[in-house]
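As structure tokens, the structure follows; a few thoughts come after it.
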Amino acid sequence: MDEHESPELTEEEKQLFADLMPDDLAEIMNTGVNRRHFLKLLTLAGGGILAAQSAVAERVLTRPSRETLPVELAPSSLENGVDIGLKVNGKAHKLTIDSRMTLLDTLRERLNLTGSKKGCDHGQCGACTVIVNGSRVLSCLTLAASCEGKTVQTIEGLAQGNRLHPMQEAFLKHDGFQCGFCTPGQICSAVALLDEAKKGHTSYVTGNVRQPGGPVKLSNEEIRERMSGNICRCGAYPNIVAAIQEVHSGKPVEQVFRSA
Amino acid sequence: MRAFTYTRAKDATSAIKLLAENPNAKFLAGGTNLLDLMKEDVERPNALIDISELDLSEIKPIINGANQGGISLGGLGKNTDSANHLLVRQHYPLLSQAILAGASGQIRNMATNGGNLLQRTRCPYFYEVAMPCNKREPGTGCGAREGINRMHAIFGWSEHCVAVYPSDMAVALTALDATVIVRSANGQQRSIPIADFYRLPGNEPEKDTNLMHGELITAIELPKNRFAEQSYYLKVRDRASYAFALVSVAAALEIEGNTIKQARIAMGGVAHKPWRALKAEQILVGKEATEATFKRAANAEMADAKPLTHNAFKVELGNRSIVLALQMAVNGGKA
Ligand SMILES: Cc1cc2nc3c(=O)[nH]c(=O)nc-3n(C[C@H](O)[C@H](O)[C@H](O)COP(=O)(O)OP(=O)(O)OC[C@H]3O[C@@H](n4cnc5c(N)ncnc54)[C@H](O)[C@@H]3O)c2cc1C
Ligand code: FES
Ligand code: FES
């Protein structure tokens, strides 16, 4: 169900309508017809003038579009239902899913965690990268059914309350994105990548793979190779590498200002 | 995606039994190839037997039998773990490099050793169900034979199929004379030398390998060798990383004094299976490891190539790649 179609307004929204469109409020309340149009206007105006007029407007605009979880399907309506239990960002979930559901669709459609993105759905872009049992994987090529008992970390689970994860901070500082679509995948991938480096993992550009593994210091070339599974259509690569290098080395990296 | 039942296998025996009972069932390991193909409607299993949690992922030294002194990789070990295991890095760096040259960090964390060997071709005619493809649907013809065939085979193709086999890992395993260990429904174990595991297309391109339905890859064995000092996996592709090979070369040499005692060369991206360059190997053995020798070996191998309309470049590319891979093998990975 799309909340935008619903004539039910929250108290905050009623207030906002009353502030901005006092003449239309009654009609909206009775029919709900213009509500959709109104919300669209608000969105088009962005966080700009309208929002500046009202703290309420800002809250309405920035709230996730759906606050309630989608209605649970009765298991009988699933052709091949599978019961799974998994932990996502520290919270345990029990679900009955269609055997065809990928982890990505389960996160987005059933658990309302829409941070992980569907770029290609075929393993070719990395936008759906999440961390399962400590390893970065592609949630679009993972069946949710195979996640029984597993621990999943998504972009939503990286910050601690209002404190961003250092990798999130570094992406902000270095402008590691433009449109932001690839960013949740980039950040999850980068976080797990630094663990792999700590464990001494090697890569195709490592000079001598025979050298015994201990924590490895990554050159920018190494970061590029190890992040090659995350495509950025906006070409924010230099800034992404700078952000990761800063967190990895623990030393400030000069910001790069050049187009890719 | 079509509907299927999902079963988590408890142990290898029950997994094999479940598969053997149903000709339309498939094993699910990392799922990175199978799920992709199911979404494309190329693979249409009605049952998936999830084997990913089976206890078959160990990497260990082999203490007796034909490959004594070598190592065994569990069929369900993850590609990442195989590439990073110290035994593999120390004694089979060629294999580490080949695995690391494939796919991406995320995919290698999911992909298993057995699944990697059984990944299917990336031929776009195979992937697009609206196109003819004898591999996907025997008898419909080969779209690539007269179509767009830049990525396709230059060795061993037939009028029925010109697809190439995509795995990097298998190219290194071919150079290293690996053996694939499988278990079948009657409980029997079978050892298949990698040279007999893959097939040329002939008139049955729908068969990629000689594995039978219901057989489970339990391990991959590598014999002991003395190539670790001088080996290199060179992969040439359209972009620097995260792309399949146009041409790849696994090169391994054993050199005594200045003389090549043993040579192993296998190529990827050129045929329906990892292509062992036996002619080149023959020329190298007993000679000095010089650029001139490498060039003669490469020329001898590539002289047999039969390019298609759009991939003649692979002949020259293959030629130069063999030479460069051999040079990098003797120069500790430097060109
Ligand atoms: C975008 C992308 C890029 C890639 N790039 C590369 C690349 O550059 N180089 C490269 O080499 N690979 C590449 N790959 C392919 C990847 O390496 C394979 O998809 C992976 O190795 C398959 O392993 P899996 O465990 O996920 O197999 P699955 O998808 O689970 O299975 C593949 C097949 O093997 C069967 N199977 C699996 N395990 C067993 C077993 N133990 N016994 C019997 N049958 C079994 C399954 O039934 C299925 O038919 C790429 C993949 C993607 C998606
Ligand atoms: S959506 Fe998963 S890799 Fe693109
Ligand atoms: S920021 Fe737009 S795709 Fe990467």
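Each chain gets a letter, A, B and so on, in the order the sequences are listed, and its residues count up from 1.
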Please classify the contact of B:Ala83 with chain A as side chain, backbone, both or neither, using a heavy-atom distance under 4.5 Å. backbone
For a 4.5 angstrom cut-off between non-hydrogen side-chain atoms, does B:Leu73 reach B:Val88? yes
Do B:Ser248 and B:Tyr233 meet the criterion of a side-chain donor-acceptor pair at a distance under 3.5 Å? yes
Considering only heavy atoms, which portion of A:Thr142 lies under 4.5 Å from any heavy atom of chain B: side chain, backbone, both, or neither? both
Would you indicate whether the side-chain heavy atoms of A:His93 and A:Leu111 approach each other to under 4.5 Å? yes
So, A:Ser203 versus A:Glu225: side-chain donor-acceptor pair below 3.5 Å or not? no
Just give me the residue among A:Gln124, A:Met227, A:Lys199, A:Gln211 that pairs up with chain B most often, heavy atom to heavy atom, under 4.5 Å. A:Gln124
How long is the gap from SG on B:Cys133 to CZ on B:Phe126, to the nearest 0.5 Å? 6.0 Å
Looking at B:Lys26 and B:Asp50, is any side-chain nitrogen of the basic one under 4.0 Å from a carboxylate oxygen of the acidic one? no
Can you see whether B:Phe227 has A:Arg210 sitting over its ring - NZ or CZ less than 6.0 Å from the centre and within 45° of the normal? no
Which of A:Ala145, A:Ser146, A:Cys140 touches chain B most, by non-hydrogen pairs under 4.5 Å: A:Ala145
Just checking, any donor-acceptor pair under 3.5 angstrom between side chains of A:Asn220 and A:Gln245? yes
Please check: side-chain N/O of A:His165 versus main-chain N/O of A:Met167, any donor-acceptor pairing under 3.5 Å? yes
With chain A, the option among B:Ala103, B:Gly102, B:Gly105, B:Ala228 that has the most non-hydrogen atom pairs under 4.5 Å is B:Ala228
Which atoms of B:Tyr127 come close to chain A, meaning under 4.5 Å heavy atom to heavy atom: side chain ones, backbone ones, both, or neither? neither
Does A:Asp83 pair with A:Lys94 as a salt bridge, N-O distance under 4.0 Å? no
Among B:Gln97, B:Glu53, B:Arg108, B:Glu40, single out the residue with the greatest number of heavy-atom pairs under 4.5 Å to chain A. B:Glu40
Which bit of B:Ala243 is near chain A, if near means a heavy-atom gap under 4.5 Å: side chain, backbone, both or neither? neither
Residue part contacting chain A, namely of B:Ser96, when any heavy atom lies under 4.5 Å: side chain
Salt bridge (Lys or Arg N to Asp or Glu O under 4.0 Å) between B:Glu43 and B:Arg120, worked out: CA-CA 10 Å; B:Glu43 298 274 17; B:Arg120 308 212 64 194; 3.6 Å; yes
Which region of B:Leu28, side chain (C-beta onward) or backbone (N, CA, C, O), has a non-hydrogen atom less than 4.5 Å from a non-hydrogen atom of chain A, or is it both or neither? side chain
Non-hydrogen atoms of chain A under 4.5 Å away: do they reach the side chain of B:Lys334, the backbone, both or neither? neither
Would you call A:Lys118 and A:Asp105 a salt bridge, using N to O less than 4.0 angstrom? yes
Name the orientation class of the two ring planes belonging to B:Tyr232 and A:Tyr204 (parallel below 30°, tilted from 30 to 60°, perpendicular beyond 60°). tilted
May I ask you to say whether A:Glu246 pairs ionically with A:Lys173, meaning some side-chain N is under 4.0 Å from a carboxylate O? yes
Whether A:Glu221 and A:Arg226 form a salt bridge (side-chain N of Lys/Arg under 4.0 Å from carboxylate O of Asp/Glu) is what I want to check. no
With a 4.5 Å heavy-atom cut-off (strictly below), which parts of residues 168-176 of chain B touch chain A? List them by number. none
Can you list the residues of residues 177-197 of chain A that sit under 4.5 Å from chain B, counting heavy atoms only? A:Ser189, A:Glu196
Short side-chain donor-acceptor distance under 3.5 Å, B:Asn116 and B:Asn79: yes
With the threshold set at 4.0 Å, does a side-chain nitrogen-carboxylate oxygen contact exist between B:Asp36 and B:Lys39? no
Heavy-atom distance under 4.5 Å to chain A: side chain of B:Leu48, backbone, both or neither? side chain
Under 4.5 Å from any heavy atom of chain B, what part of A:Asp98 do you find: side chain, backbone, both or neither? neither
Cut-off 4.5 Å, heavy atoms of chain A, and the answer for B:Arg239 is side chain
When the 4.5 angstrom heavy-atom criterion is applied to A:Val82 and chain B, the contacting part is side chain
